[in-house]
Number of protein chains: 2
Amino acid sequence: MASIEDVARATGVSTATVSRALRGLASVAEPTRARVQLAAQSLGYVPSAAAASLASGRTKAVGLLTPHVSRWFFAVCIETVEAVLRTHGYDVLLVQLPPGGRTTPGPSRTLPPSRPMLSADLLRKRVDATIVLTLPLVPEELTVLQALGHELVYVGGTVPGLRSVGIDDVAVGRSATEHLLGLGHTDVAYVGASLSPGDWAPPQERYRGYRQAMTAAGLEPGEALVADLTVADGRRTVRELLRRGTLPGALVCACDELAIGVLHELRQAGVDVPGQVSVIGVDDHPHAELHDLTTISQPVAEQAETATRWVMEGLRPGARAGGTEPAPRSERMPTRLVLRRSTGPAQARAT
Amino acid sequence: MASIEDVARATGVSTATVSRALRGLASVAEPTRARVQLAAQSLGYVPSAAAASLASGRTKAVGLLTPHVSRWFFAVCIETVEAVLRTHGYDVLLVQLPPGGRTTPGPSRTLPPSRPMLSADLLRKRVDATIVLTLPLVPEELTVLQALGHELVYVGGTVPGLRSVGIDDVAVGRSATEHLLGLGHTDVAYVGASLSPGDWAPPQERYRGYRQAMTAAGLEPGEALVADLTVADGRRTVRELLRRGTLPGALVCACDELAIGVLHELRQAGVDVPGQVSVIGVDDHPHAELHDLTTISQPVAEQAETATRWVMEGLRPGARAGGTEPAPRSERMPTRLVLRRSTGPAQARAT
DNA sequence: CTGTTAGCGCATTCAG
DNA sequence: CTGAATGCGCTAACAG
């Protein structure tokens, strides 16, 4: 385990110079730096992150708070954040925080139905900044996070007072609904917003967009069909609708996974899509095309990349120095209707 | 930023006692511990991971090396490892290392076709143990990893000299093939093994199993159809087979994603599955059922959980103390044929 | 441009 | 069971 002293001795300079040389600070003569680098290399010297962190007060790590790891949106975000951070020499501290009652991975163990309060202790003194992915934050948690006093960016939604990047979820809900209305549908329902407080914002916002579009068209918006966002939830919802005999002519789904479940169960029940029922999703999930799902696509990697870039900018030496608190920016990225064959003209239905 | 000294002062004990009390060491009187905990709590004291690490030589972090984040197998492993480690108070240091030439997430940038050598510098002095997920390791990289001198567990394959947990990939390939042979198929092909060296082991092993089964049945094993493991690769492979007019009667796919792509392209081309062609995959991916895909299921979360448990056991104070290097264990988990409707009896074909 | 000097905040001896 | 003293390996002033 070579230490900085070994390198200093081998090079005939002080440890301070070694430190400066290896970190690429300007104030080192090139020949000196070269010798130091050579010695470090040949000794296999790797700086101790712990020691550097203790001495400098910076950790060179960014916290990544997420409610899920394996769901598409989150997985892509994590992948992107990790890749970008690493090019900057930063580590990612992954913290998975269940959004609510759910089964943990592994042989059937369950967490209590209410998620434990987010404790900032997981992050304090361990990261220089934090990125939060679409985690439903209760006000108290937001306070706790802000109290950490470092860069904080939210991805996949909007949080008052926080810098955030995402899409315009209301507009997405509206566009999806308008697409169906434009096809002549009048009985359009929305699937995917659970109405309990503290729930995911995007589905709720998309539901708002749905209601706006319905109202603007002079139609009565329906109650949201409550469902979580997985394939299984989509299937369950359709089974329920079929059992009750209240299948609408068109369905706006909060996301593609859900829509794929809906589609599958409809087709399996012999319902013609889009002949009898039209279905639209949100995401443009990689599997959406396989199911011929019309959807509103959103750029996920780009959202994560922008958030990471903001964080890196804020961490650049000199930034935020003069008490220049960055204005809470909010960037909404473009979305786009992707036409496939799960939506079609409304049919005159037998009464 | 309360420090351990503040807590010591507030409690009227030494910092050493605070340290011992908060870490739950036995040698502290219960009343003392209670007072310390109370003070720590009310002061909002959180130990500095960096200082603790520097002083103790342990990092309370585990490295997680993975070639992908968003592909199903890896995402589930990451999710599981993170969850289990956190219950033990360990952090996960996620390191994504592209397996070879591939596009990085985000707006179209590409990595050089040959993956950069894994540098142990990313891990050295930063983690107490490492879990490697199905990363094709060249011998030199293996050496480098072992030189870290800490716990090392491999998930999703076998590496000589390394503790590993996975499935019996040869048996999986054999079972899948035997299933098709049992249905009377004789022209069975294998899709998914790229033959370049340093390539993923599981697809290669499954291919071996395929060949064993074919040979045992007195049939000539075919060359593997080269493909990566994504939906797009499956589709591309089928298009190619159709163009050449060499569609076999049955296909063993290296994994479900690939198989789903294969299935989709076949059905879209009007090929009857399983009437004209049977398809089987490996994984039991969550979407497999939607495509009616017959497959060999493997327990992914359980593999990750076992690996994590091994690591935690090795990190327990006292473990590995008496130079008791743990024997390189290898655990193979059970797999199981999941029958759906993508495989069926061989048909007499027109000549 | 480089060296000297102090800590950073804890865990761990070793005494009691 | 508890306290005092030591140092983990580095960075950040401050001098030169």
Side-chain angles (χ1 to χ4, degrees), chain A residues 1-37 39-40 43-61 89 91 121 124-128 315 317-318 321, chain B residues 1-37 39-40 43-61 89 91 121 124-128 315 317-318 321:
Chain A
M1 283 303 143
S3 83
I4 199 171
E5 287 219 53
D6 301 319
V7 181
R9 252 192 306 273
T11 324
V13 298
S14 70
T15 61
T17 298
V18 172
S19 173
R20 289 188 282 244
L22 260 25
R23 279 180 299 154
L25 299 196
S27 52
V28 177
E30 263 323 312
T32 308
R33 184 195 309 285
R35 280 166 45 226
V36 170
Q37 282 175 332
L43 289 174
Y45 167 68
V46 178
S48 152
S53 165
L54 190 54
S56 72
R58 272 166 278 110
T59 63
K60 295 284 264 179
D91 286 337
D121 293 3
R124 188 174 313 163
K125 296 182 184 171
R126 333 200 95 201
V127 298
D128 299 333
L315 255 33
Chain B
M1 282 302 146
S3 84
I4 197 171
E5 286 220 53
D6 302 319
V7 180
R9 251 192 306 273
T11 325
V13 298
S14 71
T15 62
T17 297
V18 173
S19 173
R20 288 186 282 244
L22 260 26
R23 279 179 300 151
L25 298 196
S27 53
V28 176
E30 262 325 311
T32 309
R33 185 195 307 286
R35 279 167 46 228
V36 170
Q37 282 175 331
L43 289 175
Y45 168 68
V46 178
S48 152
S53 166
L54 190 55
S56 71
R58 274 167 275 112
T59 63
K60 297 284 263 179
D91 286 336
D121 293 4
R124 188 173 314 159
K125 297 183 182 169
R126 333 201 94 201
V127 299
D128 299 332
L315 255 31

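Within every chain, numbering begins at 1; the chains are lettered A, B, ... in the order of the sequence lines, protein sequences first and strands thereafter. A quick note: this is a predicted structure, and the numbers were derived from the prediction, not measured.
If you measure from atom CG of D6(A) to atom C1' of dG9(D), you get 11 Å, rounded to the nearest angstrom. One atom, CD1 of I4(B), and another, P of dG9(C), lie 11 Å apart when rounded to the nearest Å. Remark: P of dA11(C) and CG of L25(B) are 9 Å apart, rounded to the nearest angstrom. As a whole-Å value, the separation of R9(B) CZ from dT2(D) C1' is 18 Å. Distance, K60(B) NZ to dC10(C) C1': 14 Å, rounded to whole Å. Computed from coordinates, the K125(B) NZ to dC8(D) C1' distance equals 11 Å when rounded to whole Å. One can place CG of L43(B) at 15 Å from P of dG9(C), the figure rounded to the nearest angstrom. Nucleotide dC1(C) holds its C1' atom 12 Å from the CD atom of E30(A), rounded to whole Å.
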Decide side-chain contact (heavy atoms from CB on, under 4.5 Å) for Y45(B) and I4(B); before the verdict, give the C-alpha distance in whole Å, the side-chain angles of both, and the deciding distance to 0.1 Å. CA-CA 7 Å; Y45(B) 168 68; I4(B) 197 171; 3.6 Å; yes
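At least one side-chain heavy atom of L22(A) sits under 4.5 Å from a side-chain heavy atom of Q37(A).
A donor-acceptor contact shorter than 3.5 Å is absent between the side chain of T11(B) and the backbone of R35(B). No donor-acceptor pair under 3.5 Å is formed between the side chain of R33(A) and the backbone N or O of A29(A).
Residue contacts for R33(B): at a heavy-atom cut-off of 4.0 Å it reaches no nucleic acid atom on any strand shown. Residue T32(B) is in sugar-phosphate contact alone, with no base atom involved, counting any heavy-atom pair closer than 4.0 Å across all strands shown.
Considering only side-chain N and O atoms, S3(B) lies nowhere under 4.0 angstrom from the phosphate OP1 or OP2 of dG9(C). In terms of phosphate contacts, R58(A) brings a side-chain nitrogen or oxygen within less than 4.0 Å of OP1 or OP2 of dA12(D). In this structure, S27(B) does not reach the dC1(D) phosphate: none of its side-chain N or O atoms is under 4.0 Å from OP1 or OP2.
Here the straight-line distance linking atom CZ of R20(B) with atom OG1 of T15(B) works out to 8.5 Å at 0.5 Å rounding. Residue R58(B) holds its CZ atom at 9.5 Å from OG of S53(B), rounded to the nearest 0.5 Å.
In this structure, D128(A) and L315(A) approach most closely via the heavy-atom pair O-CD1, 3.7 Å.
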Filtered N/O pairs between nucleotides 3-7 of chain D and protein, under 3.5 Å:
residue: dG3(D); atom: OP2; partner: S14(B); partner atom: N; Å: 2.9
residue: dG3(D); atom: OP2; partner: S14(B); partner atom: OG; Å: 3.2
residue: dG3(D); atom: OP2; partner: T17(B); partner atom: OG1; Å: 2.8
residue: dG3(D); atom: N7; partner: R20(B); partner atom: NH2; Å: 2.8
residue: dG3(D); atom: O6; partner: R20(B); partner atom: NH1; Å: 3.2

